[in-house]
Amino acid sequence: MPRPPESVVHGSQAPQTASNHPVPTALPQQLPALDKLLRLPSAAAAVAAHGHTLVADTGRVLLADLRAQALAGTLPLDAVAPAALADALQQRLASRLAPRMQRVLNLTGTVIHTNLGRALLADAALAHVQAMMAGPNNLEYDLATGSRGDRDSIVEGLLCELTGAEAATVVNNNAAAVLLTLAALARGKEVIVSRGELVEIGGAFRMPDVMESAGAKLVEVGTTNRTHPADYERAITDQTALLMKVHTSNYQVQGFTSAVDEATLAGIARSRGLPLATDLGAGALIDMAAYGLPREPTPQEMLRAGCGVVTFSGDKLLGGPQAGLIVGSNELIARIRKFPMKRALRMSKLPLAALEATLMLYQQPEHLAQALPTLRLLTRPLADIQATAQAVLAALGPALAPRYGVEVVALQGQIGSGSLPVERLPSAGVAIAPVDAPRSGRALDALATALRQLPLPVVGRIADGRLILDCRCLEEASSLTQQIPFLRP
Ligand SMILES: *Cc1c(COP(=O)(O)O)cnc(C)c1O
């Protein structure tokens, strides 16, 4: 065992207590050897439960850290007591055994929150994933003929049925769908897009950059606020491969504006023998207005208007797993599917199972608002949300008094993920503010941190000197209120 360097004077450099008495410190040689640490009763139990490899490795790192502290003269003497060592080992083991990916409660007021995993999967999708992943499946195997099949065929029929498309294919996410569509249809050629639609989605998805990655040349037409049919017509040359519309899903240009709609643009494209592609982003497969929600264009409308290809996300308004859906004409989808990059962007069996089960829910539209969590949360009655907020107030108010005041407030939520950016959903929740130090950022941050440290972390938002917990996505008040005993603000 290495000896402490002579220069370390134990005691004199020791940590100070609040009353300024030095704390007695431990010497490196007071630490046990690894095998002795592993013979402590709780450590031996851990070895029996988790195996020697993990526990011994954790013990080795623990002892090395403690030895470094002892050499620096900063290791309190009571940290080398057997019970303290056993505790420290347990804590480190628990942390290594806890997954980094954790469930949280999304009380941000944004229903489809990209940082919190976007759409929640429906029970039917979870069950299908579980059932399909538990054994081999017919991912690329045709059970009728006993020969090789195509994984696209698992959802192609459903996608065509639901959108009216002739053909469909799927990739990892919508960014991949746009990249693949551009590369397959326009590599080395020109794509015409309105200046009003050169969107950035966030997470480095910018239309001009995607165009470049796909090897296509972007030809911008019109201005930020106004683009006319003649702008497209004038820009078409023998180098043009594609006309493209991009749904401005995360912003709106208002005022003196003009854009060319898909039907008009499809007419221009057709007369020049060119395809028209539309990137929709949000991907509502149903008329949102029928559910009292703001309208969002659907792929079926785009196809009817004459678009040859439509791309959209699986985990935004569609309410499924991360996926990029590409629907369109037989000829264009065949070119996209054959393009070699498709192999690198293809969907894995896990989300594919979830996507199939999610799309199947759309076959029964009468049950959709109940079965699809995204739609259920977006259409949740305000009175229901208010009742949840009251239940949260009743439990949280007394627990946070007298340091914090809690009240029920009316809120404006968002759909999220770039869907319907301007629209707000009337919602309700609780607002929490420090009583002594109104508008104290530190007290609010401390409370927000304590909420995130709960067993099921609670994520709210801070606005106008208050911590806001929007209750739209809190379907059971108890999933928050039963955690209150663990709250350490
Ligand atoms: C969200 C979005 C994308 C990217 O989709 P992902 O599924 O996140 O890859 C692309 N285009 C538009 C218009 C979008 O709204």
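Counting convention: from 1, in listed order, for ligands and their atoms alike. The figures here come from the full heavy-atom set of this structure, side chains too, leaving out hydrogens, waters and symmetry mates.
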Could you tell me whether some N/O pair between Ala175 and ligand 1 is separated by less than 3.5 angstrom? yes
Given that the side chain starts at C-beta and the backbone is N, CA, C, O, which of these parts of Glu197 lies under 4.0 Å from ligand 1, counting heavy atoms, or is it both or neither? neither
From the candidates Ala282, Ser313, Ala177, the one that places a heavy atom nearest atom 7 (O) of ligand 1: Ser313
For ligand 1, find out whether one of its N or O atoms is nearer than 3.5 Å to an N or O atom of Asp315. no
Would you say Glu476 has more than 12 foreign heavy atoms packed within less than 6.0 Å of its CD? no
List ligand 1 atoms under 4.0 Å from Arg118, heavy atoms only on the residue side. 6 (P), 7 (O), 8 (O)
Are the charged groups of Lys316 and Glu296 less than 4.0 angstrom apart, N to O? no
Treating Asn225 as the side-chain partner and Phe256 as the backbone partner, does any N or O pair qualify as donor plus acceptor under 3.5 Å? yes
Give a yes-or-no answer on whether the side chains of Thr264 and Asp261 include a donor-acceptor pair shorter than 3.5 Å. yes
In ligand 1, the atoms that come under 4.0 Å of a heavy atom of His247 are 13 (C)
Taking Gln370's backbone N and O only, do any of them form a donor-acceptor pair with Arg376's side chain (distance below 3.5 Å, no angle check)? yes
Using salt bridge (Lys or Arg N to Asp or Glu O under 4.0 Å) as the criterion, list what pairs up with Arg103, not counting sequence neighbours. none
Are the side chain of Ser348 and the backbone N or O of Leu350 linked by a donor-acceptor pair below 3.5 Å? yes
With sequence neighbours left out, write down each residue that passes salt bridge (Lys or Arg N to Asp or Glu O under 4.0 Å) with Arg195, or none if nothing qualifies. Glu220
When you look for heavy atoms under 4.0 Å from ligand 1, do you find them on the side chain of Gln322, its backbone, both, or neither? neither
With heavy atoms of Phe205 as the reference, note each atom of ligand 1 found under 4.0 Å away. 10 (C), 11 (N)
With a 4.0 Å cut-off on heavy atoms, does Met207 reach ligand 1? no
Strictly under 4.0 Å, does any heavy atom of Asp279 approach an atom of ligand 1? yes
Are any of the N/O atoms in Asn174 less than 3.5 Å from those in ligand 1? yes
